Amino acid sequence: MNLISKLLVFVFCLFACHPQIQTELFNVNDDGQWQKVSTAHRLSQFPKIHADGRVWFQFEAPQTAESVKLHIESTDYEMQKDTSGLWNVIIPGTDPGFQIYNFIVDNVEVMDPGCTPSYVNGYTSVLEYPAPGDEFYIMKDVPHGEVREHWFYSDITESFRRMYVYTPPGYQTDINERYPVLYLQHGGGELENEWTHAGRANIILDNLLAEGKARPMIIVMNLGFATKPGEVRRRSFNDGLPSTFEQMLVGEVIPDIDKFYRTVPDQKNRAMAGLSMGGMQTRMVTLNNLDLFSQIGIFSGGVITPEDVNEADDFKEKFGLLFISCGSEERAEETKANSEALREIGIENHVYISPNTAHEWQTWRRSLNEFLQLVFKNE
């Protein structure tokens, strides 16, 4: 074999043994119909969404990286380098709403530095994919309320704690007006700011108020994790005893909110709702404190059963609204069956099943939108 033949064999083997080399460099015709997503920060141009629904992700990996993948919706997509050394992939689209993603660089998961992060069991990258017909959580040219950071010291946990408090449009000017209060809880993987960050609760209520579909109210969002000094884990929801969170909410948070905000401080004008873990907390806290809460919303967090009603003191006389929801891909049939069982013992309730969603923010955004149109309407 002569020298030229040996060189040809070497080049062939080189390409055959390194799939990355034989992959064509990424190339796309930017036809002007790509727009960056709302969750990309101001210095980033990616991810982008095309008018036809495709999504373009781009990532700058170290020069030594041999493989970069996009992981989204339980699927991995191989990314390709472009001529400038950036890694790219275009996918057909995703499910609508709030989608978590990350990049995998040589088997190491990393966040997208071009994305505004959210906290879901740790900070993570998120894509906000447009949901046709779901414009109720989109910012519009309507009067807007305010979201405040409200700090307080908890004697029960012996720590400073933060609440996010929404006050409706007009709160600053209509100084004689008093408002009902909704205590709204996040899920097990989140923080107290995620109902406004990911759930867009303030925008949802702003839009409903502008359309005359909801009552003006204060929304209080607390961190759902609370422990006393020396506690190594939070108490179970089902051991029959008030959790540390419940003790703090009832004994400290509600009095603090009633002191510093213009509330209507009675049972008929106080509601509690939550998603997932927050729904479980809502179930336990309200059943234990029917003298404090009359309006109940449980989103993907189980149900209040006929047995719960029979064991609670004067539930039928004290509750004003019972709202239970989930995604159609969760326990929809079980939820509807429980609703019928409650009606059979004389407990009116509202059930909402979010179409084509599972245990995710799109379910909970829709649930809150439905709940807010009912809460405090029966008083």
Side-chain angles (χ1 to χ4, degrees), residues 179-187 195 199 201 204-205 208 214-215 217-222 224 237-238 240 242-243 245-246 249-250 253-254 257 263-326 330-331 334-354 363-379:
Y179 300 88
V181 184
L182 165 62
Y183 290 86
L184 182 63
Q185 288 304 124
H186 62 81
W195 257 118
I204 292 172
L205 185 49
L208 288 173
R215 278 190 63 185
M217 70 188 76
I218 295 169
I219 302 179
V220 179
M221 294 153 278
N222 270 277
F237 298 113
N238 300 312
S243 66
F245 170 78
E246 179 179 336
L249 180 70
V250 170
V253 171
I254 292 176
I257 291 296
T263 69
V264 182
D266 61 29
Q267 184 254 9
K268 291 184 178 181
N269 287 282
R270 194 176 291 122
M272 186 172 180
L275 69 91
S276 194
M277 181 190 81
M280 299 178 199
Q281 289 175 320
T282 296
R283 174 181 173 272
M284 293 302 298
V285 171
T286 55
L287 286 173
N288 290 340
N289 298 276
L290 289 170
D291 288 333
L292 290 177
F293 299 95
S294 68
Q295 319 269 307
I296 304 168
I298 300 175
F299 314 152
S300 302
V303 294
I304 288 180
T305 66
E307 291 74 22
D308 293 329
V309 170
N310 292 330
E311 292 175 6
D313 292 334
D314 301 325
F315 184 93
K316 292 182 180 181
E317 292 74 23
K318 291 179 178 178
F319 93 102
L321 170 68
L322 176 57
F323 176 97
I324 299 174
S325 71
C326 66
E330 296 185 275
R331 295 176 294 180
E334 177 184 332
T335 300
K336 289 186 283 189
N338 183 78
S339 172
E340 289 303 316
L342 286 172
R343 289 195 177 95
E344 289 176 3
I345 63 169
I347 301 297
E348 278 303 311
N349 61 94
H350 297 262
V351 169
Y352 171 71
I353 307 299
S354 170
T363 295
W364 307 321
R365 289 170 172 174
R366 290 172 176 174
S367 296
L368 181 65
N369 183 58
E370 297 292 326
F371 178 72
L372 289 174
Q373 295 180 63
L374 298 170
V375 69
F376 304 126
K377 290 291 188 72
N378 57 342
E379 302 301 333

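Note that the coordinates shown come from a computational prediction; the quantities given were computed from them, not determined experimentally.
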Asker: Check whether any side-chain N or O of Asn310 sits under 3.5 Å from a backbone N or O of Pro306 as a donor-acceptor pair, and report yes or no.
Answerer: yes

Asker: Taking salt bridge (Lys or Arg N to Asp or Glu O under 4.0 Å) as the definition, give me every residue that meets it alongside Glu344, ordered by chain and number, with sequence neighbours left out.
Answerer: none

Asker: Does some side-chain heavy atom of Leu184 sit less than 4.5 Å from a side-chain heavy atom of Val220?
Answerer: no

Asker: Contact between Gln281 and Ser243 at the side-chain level, heavy atoms closer than 4.5 Å - yes or no?
Answerer: no

Asker: List for me each residue that meets side chain to side chain contact (heavy atoms under 4.5 Å, CB included) alongside Pro180, sequence neighbours excluded, and say none if there are none.
Answerer: Arg215, Met217, Asn269, Phe376

Asker: Side chain to side chain contact (heavy atoms under 4.5 Å, CB included) for Glu348 and Leu322? Distances and angles first, verdict last.
Answerer: CA-CA 7 Å; Glu348 278 303 311; Leu322 176 57; over 6 Å; no

Asker: Please round to the nearest 0.5 Å and tell me the distance separating atom CD1 of Ile347 and atom OG1 of Thr305.
Answerer: 11.0 Å

Asker: With sequence neighbours left out, what residues match Ala337 under side chain to side chain contact (heavy atoms under 4.5 Å, CB included)?
Answerer: none

Asker: I need the minimum non-hydrogen distance between Ala312 and Leu287, along with the two atoms involved.
Answerer: CB-CD2, 4.3 Å

Asker: State the OG1-CD distance between Thr335 and Glu330, to the nearest 0.5 angstrom.
Answerer: 8.0 Å

Asker: Would you give the length of the straight line joining atom CG of Leu182 to atom CG of Leu372, rounded to the nearest 0.5 angstrom?
Answerer: 6.5 Å

Asker: Rounded to the nearest 0.5 Å, what's the gap from CZ on Arg331 to SG on Cys326? Could you check?
Answerer: 8.0 Å

Asker: Can you list everything that forms a salt bridge (Lys or Arg N to Asp or Glu O under 4.0 Å) with Asp291? Sequence neighbours excluded, please.
Answerer: Lys318

Asker: Test of understanding: with side-chain hydrogen bond (donor to acceptor under 3.5 Å, both in side chains), list the residues that count as partners of Thr282, not counting sequence neighbours.
Answerer: none

Asker: Run the side-chain hydrogen bond (donor to acceptor under 3.5 Å, both in side chains) test against Ser367 and tell me which residues pass, sequence neighbours left out.
Answerer: Ser325

Asker: Between Ile204 and Arg365, is a side chain to side chain contact (heavy atoms under 4.5 Å, CB included) present by the stated rule, with each step listed?
Answerer: CA-CA 8 Å; Ile204 292 172; Arg365 289 170 172 174; 4.3 Å; yes

Asker: How long is the span from the CD atom in Gln185 to the CE atom in Met277, to the nearest 0.5 Å?
Answerer: 7.0 Å

Asker: To the nearest 0.5 Å, how far apart are OG in Ser276 and CH2 in Trp364?
Answerer: 5.5 Å

Asker: Is there side-chain contact between Asn289 and Glu246, with at least one heavy-atom pair below 4.5 Å?
Answerer: yes

Asker: For residues 264-284, which residue pairs qualify under ring pair (Phe, Tyr, Trp, His ring centres under 6.0 Å), counting only residues two or more places apart or in two chains?
Answerer: none

Asker: Testing Val285, Val375, Thr286, Ile324 one by one against Ile296 for a side chain to side chain contact (heavy atoms under 4.5 Å, CB included), which residue passes?
Answerer: Thr286

Asker: Can you find a heavy atom in the side chain of Val181 that is under 4.5 Å from one in the side chain of Tyr183?
Answerer: yes

Asker: Applying side-chain hydrogen bond (donor to acceptor under 3.5 Å, both in side chains), name anything that partners Asn349, two or more places apart in sequence or on another chain.
Answerer: Ser339

Asker: Can you pull the salt bridge (charged side-chain N to carboxylate O under 4.0 Å, His left out) pairs that have at least one residue in residues 294-313, sequence neighbours excluded?
Answerer: Arg283-Asp308

Asker: Under the ring-ring contact (aromatic ring centres under 6.0 Å, His included) test, which residues partner Trp195, sequence neighbours left out?
Answerer: Trp361

Asker: Pair Val303, Ile298 - check side chain to side chain contact (heavy atoms under 4.5 Å, CB included), show working.
Answerer: CA-CA 7 Å; Val303 294; Ile298 300 175; over 6 Å; no

Asker: With a 4.5 Å cut-off on side-chain heavy atoms, are Ser300 and Leu275 touching?
Answerer: no

Asker: Does Lys336 reach the main-chain N or O of Ile353 with its side chain, forming a donor-acceptor pair under 3.5 Å?
Answerer: no

Asker: Mark yes or no for whether His186, through its side chain, and Gly224, through its backbone, hold a donor-acceptor pair below 3.5 Å.
Answerer: yes

Asker: Give every residue pair that meets the ring pair (Phe, Tyr, Trp, His ring centres under 6.0 Å) criterion with at least one member in residues 274-314, sequence neighbours excluded.
Answerer: Phe299-Phe323, Phe299-Phe371

Asker: Asn369: what forms a side-chain hydrogen bond (donor to acceptor under 3.5 Å, both in side chains) with it, not counting sequence neighbours?
Answerer: none

Asker: For the residue pair Asp314 and Leu290, establish whether any side-chain heavy-atom pair is separated by less than 4.5 Å.
Answerer: no

Asker: Just wondering, do Leu292 and Met272 contact through their side chains at under 4.5 Å, heavy atoms?
Answerer: no

